[in-house]
Amino acid sequence: MYAQVIVDIAHSQVDKIFEYSCPASLQVGSRVKVPFGGRVIDGFVIGISDTCSVPPEKIKPVYSVFDELPALVPECFTLMERISMRYRVPQAASLRLFVPSEMRLGKVREAYKNYVVLKDGGISLSKSAKKQAEALEFLNKVHEAELSELAEKFGRGAVNALAEKGAVEIEKRQIKRNPFPEMDREELPKNLTPAQISAIQSIENSKNIVQLIHGVTGSGKTEIYLQIIAREIAKGKTAIFLVPEISLTPQMLSQLRARFKGEAAILHSGLSAGERFDEWWRLRSGEAKIAIGARSAIFAPLENIGAIIIDEEHDSSYISESAPRYSTTDIAKWRAEYNGCKLILGSATPSVESYLKAADGEYNLITMPERINQKPLPEIIIADMRREVKRGNNSAFSLAFREELKNTLDSGNQAIIFLNRRGYSQTVICRDCGYVAKCEHCDVSLTYHSEDNCLKCHYCGTRYKMLEACPECGGRHVRYSGTGTQRVVADLKELFPKARILRMDNDTVSGKDGHYKILSKFASHEADILVGTQMIAKGHDFPSVTLVGILDADMSLHFSDYRSGERTFQLITQVSGRSGRAGSPGKVVLQTYCPENYILRFATAYDYAGFFANEREIRKATAFPPYSLICRVMVTGEDDKQALAALKEVYFATEELKSAYPEEFLFLNRMHSPIKRIQGKHRYQVLMRLQSDKLLSKIYDIAVSNTNGSVLCYVEENPTNLS
Ligand code: ADP
Ligand code: ZN
């Protein structure tokens, strides 16, 4: 027999099928080792045939097979073709998505433990073999025990002697590393509300593949997802449940484990490589039926999928930031089509793109305008910071917020303070000459961190000494400006010395369960106030939180991105949604320097429909997505000259395309990227706005054909970050 193999080298020159002879037992989807150009490398078997196109004397054999069960399910090959075609990546790069990287690189294996088992039939021991006798006596009671435990109690020598005499047997067994053992507790299923029942009915009766649940925060969307999953599992099917990474909080995980026990497997970047490997195999082997995780869990090795759910569908983490730069929703749609199942998107603030599809009838729209038990949405109080400054209040907190915070703390409730930044403060600026400290490698402003009194580059992590004086003019008035989480915590401690405060941002969160620890502490009310950045905006359900403070609502409004309005609306709605979810009604104080802004008006009124209608008109009038496609071809390389040369090539090729299809181009230009250098790589871009996606594949061609050993060119579609 002959195997058709894709070798695990993501390069266009070897992006084809190679043939090898193989044993008849080899299965499609297996990972194998094959000889290739004088080396031995890994490959994926994508087909088996009894004929081959290579002359028999030239064909080489498959050397070895990795796994008993093929790692790739048949659906992978269909998806591979679509992904490679859509995002113009070699097939090996598409297949890699389906296999956890630590497994591909051979870094982890199954974990085994040795057990000692008592065998039938007695043996006679000499009197001197005291330890052996004790070990036997112990085993008589427990019948079997871990080798390590026995060895510790009675000595490894005694156990070995017993094994040699045939009294016991040492067995090697595979063990599963369970990442969340302490979370398996009972949870009672809820009685669904009428709104939840009709949502589920609407989904089940719908003819559309894609379902969009637009439900306000706390409307019980999560329970709908869990019910749908449970129904599919009962039918013998499997399910994928995606959430933004940050929403994989301890509460969410324990809720899922409690509901589905061992049927759920969690694929999460916070797990150790070994844990992820085991969870992945539990899905592949069919032991677990529900894959739960962030973006990459869309590639879970499941067959016979009954439902795919994407919670917080608007979240930008669903777009991959490295090649292939796929949209998770695209892949999910393909998987839903292949499996003939529904794709359910849920959000309190759907993306304009998705909502437009629902408005146009492509998606089935389910609207849930009320919270569970008709609990009111929190009242949003606007604090005009211009007035505060006029009154002489230069602190980070408005008077209104201070008052509400005092009331909240007095009544024993909790508060969340949200701000859009990181670190103690932002840029370091010389007040005499205007010099701003920047990173030598990245051309971005540095951020001061008071913990270690240093400056850090947030793009590459380089640390610099805090400046004593300005390197430009020698001036002594070097200050840092703006407020960060740390500064807010310090100010809070002064105002409310008794309050227990937790801080959560990229600096305090590290390691496998950094943010779990902080959130668990807050959830069990070991703190009164949680101060944090974007991380605290999403998905958390803290019943005692009755106040949310949004300190600088304007930050994201002034971002130079066509989506800044959408982002701000989403952010305010999501953060506000943390308040008043149970018990007493919640409040939100939103501090701003431009209270008349229409986005803030819609957000404070929870008027998604108003926001959408308005935003849709703006996008239409200005021809921004979804009424156009923004495409950026990035050109990066260490050698500035070569990068520039490639940039010119890309630009000329695009201009040629423009002269052939002038009506497709709304905008075209080439330039330095806003950040001119990251990690030593020069960055250029050709930026264009296209009428439609008609020319998209041609743009991909241009990028691929100008990539070489020293310059990388790649396409970003509607990039979320234009830096
Ligand atoms: P969403 O995901 O829409 O923000 P959640 O699913 O978190 O909302 O639900 C909000 C709260 O309501 C949670 O505390 C949840 O346990 C509770 N809840 C959901 N469904 C029901 C129900 N049918 N009966 C009682 N409580 C419910
Ligand atoms: Zn840097």
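Remember, it's 1-based here, ligands and their atoms both numbered in the order they're listed.
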Evaluation steps, side chain to side chain donor-acceptor pair (under 3.5 Å), between Gln574 and Gln570
CA-CA 6 Å; Gln574 296 291 341; Gln570 286 164 350; over 6 Å; no
Do Glu287 and Ser285 pass the side chain to side chain donor-acceptor pair (under 3.5 Å) test, and can you show the C-alpha distance, the side-chain angles, and the key distance before you say yes or no?
CA-CA 6 Å; Glu287 181 188 324; Ser285 67; 4.6 Å; no
Side chain to side chain donor-acceptor pair (under 3.5 Å) between Ser354 and Ser351: does it pass, once the steps are laid out?
CA-CA 5 Å; Ser354 295; Ser351 64; 3.1 Å; yes
Assess the residue pair Gln591 and Asp384 against the criterion (side chain to side chain donor-acceptor pair (under 3.5 Å)); give the C-alpha distance rounded to whole Å, side-chain angles, the decisive distance to 0.1 Å, and a yes or no.
CA-CA 6 Å; Gln591 303 188 163; Asp384 183 344; over 6 Å; no
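Using a 4.0 Å heavy-atom cutoff, Gly215 is absent from the residues neighbouring ligand 1.
Residue contact check: Thr193 has heavy atoms under 4.0 Å from atoms 23 (N) of ligand 1. Set against the non-hydrogen atoms of Ser219, the atoms of ligand 1 under 4.0 Å away are 1 (P), 3 (O), 8 (O). Residue-ligand proximity, Asn191 to ligand 1, at heavy-atom distances under 4.0 Å covers atoms 22 (C), 23 (N), 24 (N). Using a 4.0 Å cut-off to heavy atoms of Thr217, the atoms of ligand 1 that qualify are 4 (O).
Considering backbone and side-chain N/O of Gly220, one or more are found under 3.5 Å from N/O of ligand 1.
Just one of Ile366, Leu345, Thr367 meets the side chain to side chain contact (heavy atoms under 4.5 Å, CB included) condition when paired with His214; it is Thr367.
By the criterion of a heavy-atom distance under 4.0 Å, the side chain of Gln196, and not its backbone, is placed next to ligand 1. Within the 4.0 Å heavy-atom criterion, the part of Val216 lying near ligand 1 is the backbone and not the side chain.
More than 12 non-hydrogen atoms from other residues, nucleotides or ligands lie less than 6.0 angstrom from CD of Glu204. In the displayed structure, Glu321 atom CD is contacted under 6.0 Å by at most 12 heavy atoms of other residues, nucleotides or ligands.
With Ile213, Asp311, Thr222, Leu192 as candidates, the residue nearest to atom 6 (O) of ligand 1 on a non-hydrogen basis is Thr222.
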